[in-house]
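Please find one structure pasted underneath; my questions will follow.
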Amino acid sequence: MQMLEGLNEAQKAAAGHVEGPMMVVAGAGSGKTRVLTHRIAHLIDQGVDPFSILSLTFTNKAAREMKERIGRIVGDSEARNIWMGTFHSVFARILRIESERINYPSNFTIYDTQDSRSVVKDVIKGLGLDDKLYKPNSIHGRISGAKNNLIGPGDYAANSDIIGEDHQAGRPRIAEIYAGYDARLKRSGAMDFDDLLFKTNVLLRDFPDLLHKYQQKFAFILVDEYQDTNFAQYMIIRQLGAARENVCVVGDDAQSIYSFRGANIQNILNFQRDYPDCAVYKLEQNYRSTKNIVEAANAVIAKNQDQIRKDVWTGNDAGEKIDVHRALSDNDEGGFVADAILTTRSREQAHNKDFAILYRTNAQSRAFEEQLRKRNVPYRIYGGLSFYQRKEIKDLISYFRLVANPSDDEGFKRVVNYPARGIGKTTMDRLTVAAARHDCSLWDAVRDPLRKPEDLKGAAWGKLQDFTTMVEGFATRLDSASAFDLGHHIAQHTGLLRELHKDKTPEGVARYENVEELLAGMKEFSEQVDPANPDAIHTLGDFLLDVALLTDADQDDGDDNKVSLMTIHAAKGLEFPHVYIVGLEENLFPSQMALNTREELEEERRLFYVALTRAEKKATLSYALTRYRWGQLMQNEPSRFIEEVDDQYLNLPVVNARRPEPVNFNAARSTFYKQMPSGNRTATPPKPGMKKLTPTAAGAAADAGGAPASSGGIAPGVEVQHARFGKGKVLKLEGEIPNVKATVFFPTAGQKQLLLKFAKLEILG
DNA sequence: TGGAATGATGTTTTT
DNA sequence: CATCATTCCA
């Protein structure tokens with residue numbers, strides 16, 4: 001039992017569990033990763049073949065770390081053979097192996113969100129639909145949601161509930177778009193992110209021999225962050241685990257923050273239903289944070305209705321109280337945090353890497369970047385525009401994709417005329433029409449003499465031929481050259497490097513350097529030696545296999561002593577001694593998109609819980625009174641979440657001396673909350689029914705409340721009814737009484753600016 | 001056909 | 001405010 005040394009009793013019990021289904025409900029900071037790694041080490045120690053262990057994590061980074069930690073216990077040679085990775089990466093591997101069953105090439109391309117959207121947009125255009133009504137973005141979301149619930153195009157069209165919804169929303173032809181989208185992907189030999197899960201389910205559903213094969217192969221299955229799995233993932237686990245029932249899921253319902261992506265807390269309950277005799281272990285001792293932080297976080301999460309009751313506690317010291325800081329503006333907030341980091345760093349001799357700044361949206365990173373840069377504090381931003389999504393990187397990778405899979409239309413379109421080689425819009429339009437007519441890829445329309453577009457000849461046709469010939473030339477080296485050699489060759493011979501080199505602007509230079517960085521990464525990739533097979537070449541195809549599913553967080557630059565900036569979502573699973581949770585303002589955090597239902601608000605609250613529990617020693621909350629959003633200065637109220645942290649855990653805000661008239665923090669908060677439309681606040685239950693708002697009432701109410709940016713119960717986020725435009729949602733208010741102007745979004749009429757004086761708005765209770 | 005200039009449009013969170 | 005997309009001109 002030496003594998004279980006150093007664990008507490010609960011951890012030991014969970015990690016020592018060998019046969020049969022089990023579930024670990026693990027509070028934040030309670031050592032669930034420890035349990036997972038030690039359990040796997042223990043399994044191997046008990047003679048389980050690493051090849052038969054399937055361990056699914058949420059990020060590649062988590063997988064890599066876990067592998068390393070297991071390696072340290074049982075040795076790298078054993079650890080290396082475990083099937084460990086994200087759902088997407090593991091099943092992409094399996095799909096490549098089994099691709100011919102579902103009539104896909106094994107070198108299928110994985111389309112990222114950009115690619116998918118572009119296809120959706122094309123299909124919408126092709127059907128002659130209005131892309132104002134059929135917004136590619138939201139249609140893609142709808143399709144993605146369907147796939148995550150294992151609803152294919154056929155099921156979608158046949159499902160009267162769904163069709164009814166679409167009809168209701170005035171978009172009855174989504175089913176057609178879905179079908180067209182799917183056909184286009186198929187034709188391009190491409191799968192989108194959702195397909196990786198969807199098609200895996202198809203494999204397991206339609207091919208009993210494959211189901212049997214992988215059931216036998218994966219004798220032990222472990223799933224981390226189970227609370228964030230969606231239905232498609234749930235079904236994969238259920239299918240694969242059905243034969244042996246050696247399924248272990250680990251999760252914390254309080255940290256479920258991905259329902260927007262189809263994650264379903266219900267999966268935890270389903271698990272217990274599917275395996276009635278599953279063992280349940282609870283890890284409740286937090287080793288990470290101070291008492292103050294743990295208890296503050298407990299108090300916050302207790303306000304949620306939907307939860308599995310847990311009693312998370314810690315034996316750690318009480319520690320410092322949580323600071324709350326009010327900033328005047330977003331820049332001011334950046335300055336405050338940067339200064340605080342400097343001060344703390346020298347006072348406690350802390351390192352840069354001990355600090356994290358966590359925000360709700362990527363767009364908030366800017367002020368912090370600026371202020372940190374000003375003070376020469378090294379930082380690293382995670383997420384946002386990932387390295388691999390940058391134009392120049394995607395361009396080069398599109399060449400790679402096209403070389404590996406010529407049917408990849410998105411890749412084709414992207415690079416056919418970059419660098420410019422005289423293939424313009426007209427040419428491409430004609431080619432696209434021909435491809436559609438023959439139901440083939442763009443590539444085939446060029447290469448297959450039977451499908452040649454009649455209206456293309458002469459110079460344009462010659463240029464297309466030249467282009468495809470060039471790409472074909474690259475493809476001949478696909479199996480013989482290393483990823484780096486071929487990649488570098490392509491970057492040069494397409495003229496892409498030359499093109500980038502011409503641009504001497506700072507941005508242009510940065511782009512060139514990015515490409516160099518990508519190539520450097522490929523060199524490293526190419527030179528890795530697999531001890532089991534030292535002579536194997538790492539080809540461009542192998543490289544592409546990884547690259548589509550890599551995210552920015554997976555990149556490592558040597559120097560890791562940097563302040564971390566990231567969204568709270570990206571921070572899940574991480575911990576830092578000092579954590580700054582910033583932008584705690586109504587409509588930002590909680591997001592204004594999440595104020596409509598209790599469920600949405602509770603997810604925001606869980607997000608806040610996740611943020612708080614990242615902190616080991618000290619947490620600091622901050623908000624800004626004004627902030628630029630959409631290029632406009634917006635006034636903000638402090639987030640309700642600040643109030644939800646009991647005062648006993650807080651150092652209430654240090655009012656900024658520069659502010660001319662100090663505002664009473666609590667007064668400001670209470671006036672605001674009186675106007676909150678809904679939510680589950682106990683202090684001021686929402687008034688039932690509909691309230692008529694006359695101009696005078698609006699003025700009077702606003703006068704009484706004294707809040708600058710709200711009026712008579714009308715506040716950002718409130719649903720209102722307008723005589724002409726119908727139902728809408730208030731986005732923002734500006735101006736002084738009595739000339740308060742509201743920006744309201746009406747689904748039917750679009751965004752309107754209305755003067756409350758004149759517009760008769762009814763609040764929808 | 002290519003590039004610049006202008007105009008519309010959109011922001012949550014991610015594999 | 002950014003990015004994108006379309007439009008317009010060389």
Side-chain angles (χ1 to χ4, degrees), chain A residues 56-63 85-92 110-114 116-118 121 125 131-132 135-138 141 144 147-148 191-198 225 228-230 232-233 256-263 330 358-366 382-386 388-391 417-429 459-460 463 507 546-554 566-572 583 587-595 600 603-604 606-608 610-611 627-634 731 745 750-751:
Chain A
L56 298 166
T57 57
F58 203 68
T59 63
N60 294 303
K61 191 171 177 227
T86 62
F87 274 89
H88 293 265
S89 69
V90 165
F91 295 112
I110 298 172
Y111 275 3
D112 66 15
T113 312
Q114 277 176 49
S116 304
R117 261 188 214 154
S118 150
K121 204 173 158 184
K125 212 193 276 168
D131 66 356
K132 295 265 186 323
K135 293 202 165 134
N137 223 338
S138 98
S144 173
K147 285 191 182 179
N148 283 147
M191 294 195 200
D192 64 17
F193 284 141
D194 305 314
D195 280 336
L196 298 177
L197 306 176
F198 186 93
E225 309 282 12
D228 285 324
T229 52
N230 59 34
Q233 292 166 321
S256 158
I257 54 176
Y258 279 97
S259 71
F260 72 92
R261 206 172 79 189
D330 41 4
L358 308 182
Y359 35 76
R360 178 68 236 269
T361 66
N362 283 303
Q364 287 166 257
S365 69
R366 214 162 129 173
Y382 293 80
L385 234 208
S386 133
Y388 299 99
Q389 291 176 36
R390 294 191 187 151
K391 253 197 219 87
N417 197 35
Y418 182 81
R421 43 179 77 89
I423 300 171
K425 190 168 181 309
T426 322
T427 308
M428 283 306 289
D429 282 349
K463 285 169 187 165
E507 300 82 37
D546 286 356
V547 84
L549 298 171
L550 280 184
T551 56
D552 216 22
D554 302 317
M566 62 184 94
T567 63
I568 298 164
H569 284 90
K572 195 169 68 151
N587 298 323
L588 180 59
F589 189 15
S591 160
Q592 63 177 343
M593 316 295 287
L595 295 173
E600 284 176 341
E603 177 146 318
E604 295 286 302
R606 290 193 296 270
L607 198 53
F608 182 54
V610 168
R627 175 182 299 281
Y628 274 97
R629 258 178 127 185
W630 304 294
Q632 274 188 314
L633 197 63
M634 308 269 292
L731 295 180
F745 178 75
Q751 194 163 313

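The model shown is predicted, which means the values in this text are computed figures rather than measured ones. In what follows, chains are A, B, ... by sequence order, proteins preceding strands, each numbered from 1.
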Open item on the list: With a 4.0 Å limit, can you tell me whether A/N60 has a side-chain N or O closer than that to the phosphate oxygens OP1/OP2 of B/dT15?
Closed with: no
Task: Value in whole Å for how far the C1' atom of B/dT15 lies from CZ of A/F91 - done: 14 Å
TODO: Using atom NZ of A/K135 as one end and atom C1' of B/dT9 as the other, report the distance to the nearest whole Å.
DONE: 9 Å
Task: Qualifying residue, where the test is side-chain hydrogen bond (donor to acceptor under 3.5 Å, both in side chains) with A/S144 and the options are A/D192, A/T113, A/D194 - done: A/D194
TODO: Would you please confirm or rule out a distance under 4.0 Å between OP1 or OP2 of B/dG2 and any side-chain N or O of A/K425?
DONE: no
- [ ] Please tell me which of A/F193 and A/G422 maps to the more 5' nucleotide of DNA chain B, matching each residue to the nucleotide holding its nearest heavy atom.
- [x] A/G422
Task: A/K132 NZ - C/dC4 C1' separation (whole Å) - done: 13 Å
Open item on the list: In whole Å, measure the gap between the P atoms of B/dT13 and C/dC4 for me.
Closed with: 15 Å
- [ ] Return the value, rounded to whole Å, for the distance between atom CD of A/Q114 and atom C1' of B/dT14.
- [x] 14 Å
TODO: Rounded to the nearest angstrom, tell me the gap between atom CZ in A/R117 and atom C1' in C/dT3.
DONE: 13 Å
TODO: Identify whether any heavy atom of A/D194 sits under 4.0 Å from a base atom; if not, whether one sits that close to sugar-phosphate; answer base, sugar-phosphate or nothing.
DONE: nothing
TODO: Give a yes or no answer on whether the side chain of A/H569 reaches the backbone of A/I257 with a donor-acceptor pair at less than 3.5 Å.
DONE: yes
Open item on the list: Test your reading of the model: is there a side-chain donor-acceptor pair from A/N587 to the backbone of A/Q592, 3.5 Å cut-off?
Closed with: no
Task: Between B/dT15 (P) and A/N148 (CG): distance, integer Å - done: 14 Å
- [ ] Indicate whether OP1 or OP2 belonging to C/dC4 is found under 4.0 Å from a side-chain N or O atom of A/K391.
- [x] yes
TODO: For residues A/K147 and A/D195, determine if any side-chain heavy atom of one lies less than 4.5 Å from a side-chain heavy atom of the other.
DONE: yes
Open item on the list: Can you tell me if A/F260 is stacked onto the base of B/dT13, using a 5.5 Å centroid cut-off and an angle below 30°?
Closed with: yes
Task: Nucleotide of B/dT12, B/dG2, B/dT1 approaching A/E604 most closely (side-chain heavy atoms) - done: B/dT12
- [ ] Using a heavy-atom cut-off of under 4.0 Å over every strand shown, decide if A/N137 touches base, sugar-phosphate, or nothing.
- [x] sugar-phosphate
Task: Residues that A/S591 engages under side chain to side chain donor-acceptor pair (under 3.5 Å), provided they are two or more places apart - done: none
- [ ] Whole angstrom is fine here: how far is it from CG in A/D228 over to C1' in B/dT15?
- [x] 12 Å
Open item on the list: Can you measure A/Y258 atom OH to B/dT15 atom P for me and round it to whole angstrom units?
Closed with: 6 Å
Task: Residues that A/T426 engages under side-chain contact (heavy atoms from CB on, under 4.5 Å), provided they are two or more places apart - done: A/R430
Open item on the list: So, does A/N362 get its side chain near the phosphate of B/dT14, meaning an N or O under 4.0 Å from OP1 or OP2?
Closed with: yes
Open item on the list: Is A/T427 close enough to B/dT1 that one of its side-chain N or O atoms is under 4.0 Å from OP1 or OP2 there?
Closed with: yes
Task: Options C/dA5, B/dT14, B/dT12, nucleotide nearest the side-chain atoms of A/T567 - done: B/dT14
Task: Residue met sooner reading DNA chain B from 5', once A/G424 and A/H569 are mapped to nucleotides - done: A/G424
